[in-house]
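Below is one structure, written out as structure tokens; the observations come after it.
The first residue in the sequence is number 1, and the count goes up from there. For ligands, and for the atoms within them, numbers begin at 1 and follow the listed sequence.
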Amino acid sequence: MRVNEIIELFQSKGVKATPQRISVYEALLSLKHPSAEAVLERVRSILPTVTVATVYNTLDCFAKAGVIERVLTVDNKMYFDTNLSRHYHLYSEETHEIQDFYDNELSELIRTFIQNRKIPGFELKDVKVQLIGNIENY
Ligand SMILES: [Zn+2]
């Protein structure tokens, strides 16, 4: 993703582009589902003077504006995702690795299932699925 595309994304989400924010977003892009600590470490390798608060506030700002998504795992660890397209996550509790998993059928299956159940007082807005297991890398 080029810098002008990042600026366009920020604009579309109402986020003001600053050099530090661009650096944080570039760090997020270069890492797959990173933790805040991993983002901080990556940004600091480029901007050594950046503060912890700046990076954490930027991540918070991005998540609130919908520039990125927060991913909370079953063992209560927080990661960040720049991939805003509909997808699910495969999560390894052992290695804390998260992999993207695409399946349109699964989404429709869950939507239809929940709508047919007619849960009183519940309106389904989104489906987020995290599958927990072991990830073998080939
Ligand atoms: Zn993802």
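Among the atoms of Asp100, an N, O or S atom is found under 2.8 Å from the Zn ion (ligand 1).
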### Stepwise side-chain hydrogen bond (donor to acceptor under 3.5 Å, both in side chains) test for Asp81 and His89
CA-CA 11 Å; Asp81 201 347; His89 288 129; 3.0 Å; yes
### Query
Yes or no on salt bridge (Lys or Arg N to Asp or Glu O under 4.0 Å) for Glu97 and Lys32, after CA distance, side-chain angles and deciding distance?
CA-CA 9 Å; Glu97 185 187 344; Lys32 266 270 170 192; over 6 Å; no
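If you look at His33 and ask which of its N, O or S atoms sits nearest the Zn ion (ligand 1), the answer is NE2. The nearest N/O/S atom of Asp81 to the Zn ion (ligand 1) is OD2.
Note on Tyr79 and Val39: separate hydrophobic clusters, where clusters join Ile, Leu, Val, Met, Phe, Trp and Tyr whose side-chain heavy atoms are under 4.5 Å apart, directly or indirectly.
Gln20 pairs with exactly one of Thr51, Leu47, Asn57, Thr58 by the side-chain contact (heavy atoms from CB on, under 4.5 Å) rule, that one being Leu47.
Taking the Zn ion (ligand 1) as the corner point, the angle from His87 atom NE2 to His89 atom NE2 is about 90° (rounded to 10 degrees).
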